[in-house]
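Scroll down for the structure; my scribbles are underneath it.
Chain letters run A, B, ... following the sequence lines, proteins first and then strands; every chain starts at 1. Since the structure is predicted, the reported quantities are computational estimates derived from the model, not experimental observations.
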Number of protein chains: 2
Amino acid sequence: MSITLKQPEGATPRDCGECPIRHRAVCARCEADELEALDRIKYYRSFEAGRTVIWAGDRMDFVGSVVSGIATLTQTMEDGRRQMVGLLLPSDFVGRPGREAAAYDVVATTDMVMCCFRKAPFEEMMLRTPHISQRLLEMTLDELDAAREWMLVLGRKTAREKIASLLSIIARRDATLKLGSLQGPIVFDLPLTREAMADYLGLTLETVSRQISALRKDGVISLEGKRHVTIPDFHRLLEEAADDGDGGLLT
Amino acid sequence: MSITLKQPEGATPRDCGECPIRHRAVCARCEADELEALDRIKYYRSFEAGRTVIWAGDRMDFVGSVVSGIATLTQTMEDGRRQMVGLLLPSDFVGRPGREAAAYDVVATTDMVMCCFRKAPFEEMMLRTPHISQRLLEMTLDELDAAREWMLVLGRKTAREKIASLLSIIARRDATLKLGSLQGPIVFDLPLTREAMADYLGLTLETVSRQISALRKDGVISLEGKRHVTIPDFHRLLEEAADDGDGGLLT
DNA sequence: TCCGCACCTTGACGCAGATCAACATGAGGG
DNA sequence: CCCTCATGTTGATCTGCGTCAAGGTGCGGA
């Protein structure tokens with residue numbers, strides 16, 4: 001009998017002109033001729049939810065952008081303890097120019113499409129194309145800020161605040177992506193399992209579950225099923241996250 | 001009576017040629033003419049130990065490099081909880097091109113000298129000088145890696161492992177800086193107070209003190225006074241840090 | 001020389017979150 | 001339709017680290 005592989009189709013764009021991340025990815029500042037040069041070294045790859053894109057330590061002969069879907073960057077210790085160190089959303093860059101091996105496990109948590117560039121030609125092109133390296137610098141600085149903000153969450157926040165922080169990040173992203181407002185209620189699906197949330201937050205999955213239940217009981221969020229979340233009052237959530245300055249309403 | 005301000009002198013270089021960080025800072029790849037252009041927009045500033053360089057949220061009209069001494073990047077919550085998000089060593093870059101206000105408190109923990117560039121001309125120069133933005137990209141990617149490694153420490157390591165991790169980082173840096181080997185015993189002075197270590201590690205200063213005492217009792221380290229540390233066996237320390245892969249012996 | 005202050009250490013105790021364990025829920029497959 | 005397995009919830013108990021408290025140490029200044 002023939003097996004029908006669940007093909008994560010859909011988001012693969014026909015060409016850069018109709019690419020959903022055209023104006024946010026590494027290529028954001030490229031001119032037509034530069035896009036054409038990139039086009040010659042690029043290819044698309046699709047991953048099913050749960051598939052590992054690369055294992056830490058493996059040789060990596062490409063870099064690329066997440067086009068659609070979500071991936072995670074995870075570090076694992078010898079005894080099995082795991083810490084997520086990055087959440088890759090559409091337009092985020094994967095891989096590091098000038099490095100042979102992957103530093104972290106990259107796993108697709110939803111069906112995902114990547115736009116990959118062969119590493120050697122990409123590196124060479126970076127030297128000749130300031131538009132690419134300038135944009136990559138900007139994106140890397142943003143990621144560094146995000147990592148540092150996450151250090152505060154990991155080092156100093158309580159379990160409840162950690163959950164609220166994660167929810168507010170996802171809510172904010174979803175609101176801006178769907179052009180929703182942060183005034184009314186926000187509705188979205190959690191893209192992560194409880195275990196993945198625990199890996200992100202430096203908690204156990206039991207604690208994650210308990211704190212989500214507590215936030216639900218206290219009316220900060222409401223749940224339909226296990227993943228579908230409604231935030232009735234975003235400012236209340238920010239208070240629970242002990243998040244001052246409320247992030248300027250944009251990411 | 002005349003007050004003699006304790007002038008942190010010494011390390012201010014006469015010109016770029018004899019600058020101690022010439023080959024590791026943002027300017028590492030610059031040619032003579034590029035250095036000359038940088039020279040026109042640069043000035044040195046000295047800070048005594050304990051002085052705040054900038055407060056988070058303050059307008060920042062310069063960027064720059066640490067020439068000598070050590071500074072910390074710290075984030076503070078409204079209720080006073082603090083998390084250090086970066087340790088700035090000689091050659092590290094301070095500030096972010098394209099940003100108006102400082103994102104974190106920057107504090108000199110030892111006497112420190114900075115080589116500052118006026119922000120607007122520096123940003124303009126970056127556009128024309130790929131050598132600068134390429135080097136800055138490389139440094140930012142390194143910092144991102146360091147931040148992510150620190151996320152694992154904050155999220156998943158025990159107090160004892162956290163202390164051992166911090167000591168191994170300082171030991172490794174010191175060994176490479178002084179061209180020492182990692183085979184024999186390593187000797188250095190802690191550049192941080194117990195409180196600063198606690199802020200870095202997401203602990204309280206009492207726990208830091210207790211764990212240092214425990215490591216001393218177990219022979220992993222030995223102490224003369226409160227700051228002068230000897231590591232008799234670096235590999236033992238790495239084991240205590242639960243640090244696999246031992247970092248390849250270089251930074 | 002002594003004082004004051006910043007920095008550090010150590011002890012007693014409590015609690016947030018980990019651990020261990022049992023059970024619930026729901027989707028996919030035979 | 002039921003079984004299985006992945007995922008999630010909830011309870012009981014344990015423990016690592018925080019909190020509160022009481023000194024100790026050593027340097028700079030009067």
Side-chain angles (χ1 to χ4, degrees), chain A residues 1-6 48-51 77 79-83 107 109-110 153-164 189-217 221-229 240 242, chain B residues 1 3-6 48-51 77 79-83 107 109-110 153-164 189-217 221 223-229 240 242:
Chain A
M1 83 191 98
S2 75
I3 299 167
T4 312
L5 276 178
K6 202 198 299 175
E48 291 173 57
R51 276 270 175 286
M77 291 169 65
D79 62 7
R81 282 176 280 176
R82 299 184 347 130
Q83 175 66 51
V107 179
T109 56
T110 64
V153 173
L154 288 173
R156 292 302 184 191
K157 292 199 178 178
T158 65
R160 172 183 260 244
E161 289 167 343
K162 285 178 175 182
I163 298 288
D189 281 296
L190 282 173
L192 301 174
T193 65
R194 299 292 186 264
E195 190 180 25
M197 294 173 72
D199 283 345
Y200 202 174
L201 298 167
L203 297 170
T204 58
L205 69 89
E206 292 95 326
T207 299
V208 170
S209 186
R210 272 187 255 273
Q211 296 298 336
I212 288 180
S213 297
L215 289 174
R216 179 163 47 78
K217 189 154 33 183
I221 62 174
S222 64
L223 280 179
E224 269 172 89
K226 289 147 195 314
R227 300 290 195 92
H228 194 74
V229 180
E240 291 288 351
Chain B
M1 77 193 103
I3 298 168
T4 312
L5 275 176
K6 201 197 302 176
E48 290 175 58
R51 276 271 176 286
M77 292 168 63
D79 61 9
R81 282 177 280 178
R82 299 184 350 128
Q83 175 65 51
V107 179
T109 56
T110 65
V153 173
L154 289 173
R156 292 302 186 191
K157 291 197 178 179
T158 65
R160 173 184 260 245
E161 289 168 343
K162 285 179 174 181
I163 298 289
D189 282 297
L190 282 174
L192 301 174
T193 65
R194 300 290 186 264
E195 189 180 25
M197 294 174 70
D199 282 346
Y200 203 174
L201 297 166
L203 298 170
T204 58
L205 69 89
E206 293 95 328
T207 298
V208 169
S209 185
R210 273 187 256 273
Q211 296 298 336
I212 288 180
S213 298
L215 288 174
R216 179 163 47 76
K217 190 154 31 183
I221 63 175
L223 281 179
E224 269 173 90
K226 289 146 195 315
R227 299 291 194 92
H228 194 73
V229 180
E240 291 288 352

Value rounded to 0.5 Å, distance of CG in A/Leu203 from CZ in A/Arg210: 11.5 Å

For atom CD of A/Gln211 and atom P of D/dT9, their distance in whole Å: 12 Å

Closest to side chain of A/Thr158, choosing from C/dT9, C/dG17, D/dC17: C/dG17

Rounded distance (Å) that lies between atom P of C/dA16 and atom CD of A/Glu161: 12 Å

Pairwise side-chain contact, B/Ser213 with B/Arg216, heavy-atom cut-off 4.5 Å (strictly under): yes

Given D/dT9, C/dA18, C/dT9, the nucleotide with the shortest approach to the side chain of B/Ser213: C/dT9

Among B/Leu201, B/Thr158, B/Ile163, side-chain contact (heavy atoms from CB on, under 4.5 Å) partner for B/Gln211: B/Ile163

Close side-chain approach of B/Asp189 to B/Val229, heavy-atom, < 4.5 Å: no

Euclidean distance, atom CZ of residue A/Arg81 to atom C1' of C/dA18 [Å, nearest integer]: 13 Å

A/Arg227 vs D/dG8: side-chain N/O to OP1/OP2 distance below 4.0 Å: yes

Interatomic distance, A/Arg216 CZ vs D/dT10 P [rounded to whole Å]: 6 Å

Validation row: A/Lys157, B/Met77 side chains within 4.5 angstrom (heavy atoms): yes

Reported CG-to-CD distance for the pair A/Leu205 and A/Glu195, which is rounded to 0.5 angstrom: 6.0 Å

side-chain hydrogen bond (donor to acceptor under 3.5 Å, both in side chains) partner of B/Asp199, chosen from B/Arg194, B/Arg82, B/Arg81, B/Gln83: B/Arg82

Filtered N/O pairs between nucleotides 20-24 of chain C and protein, under 3.5 Å:
from	atom 1	to	atom 2	distance (Å)
C/dC20	N4	A/Glu206	OE2	3.2

Any B/Thr207 side-chain heavy atom under 4.5 Å of B/Lys162 side chain: no

Nearest-Å distance for atom pair CG/C1', residues B/Leu190 and C/dT9: 15 Å

Selection: residues 193-205 of chain B, any non-hydrogen atom under 4.0 Å of DNA chain C: B/Thr193, B/Arg194, B/Leu205

Flag side-chain contact, heavy atom, 4.5 Å: B/Arg227 against B/Thr193: yes

A/Glu224 CD - C/dG26 P separation (whole Å): 13 Å

Nucleotide D/dG28, atom P - distance to CD of B/Glu48 in whole Å: 13 Å

Separation of atom NE2 in B/His228 from atom C1' in D/dG26, rounded to whole Å: 17 Å

Under 4.0 angstrom between B/Thr207 side-chain N/O and D/dG18 OP1 or OP2: yes

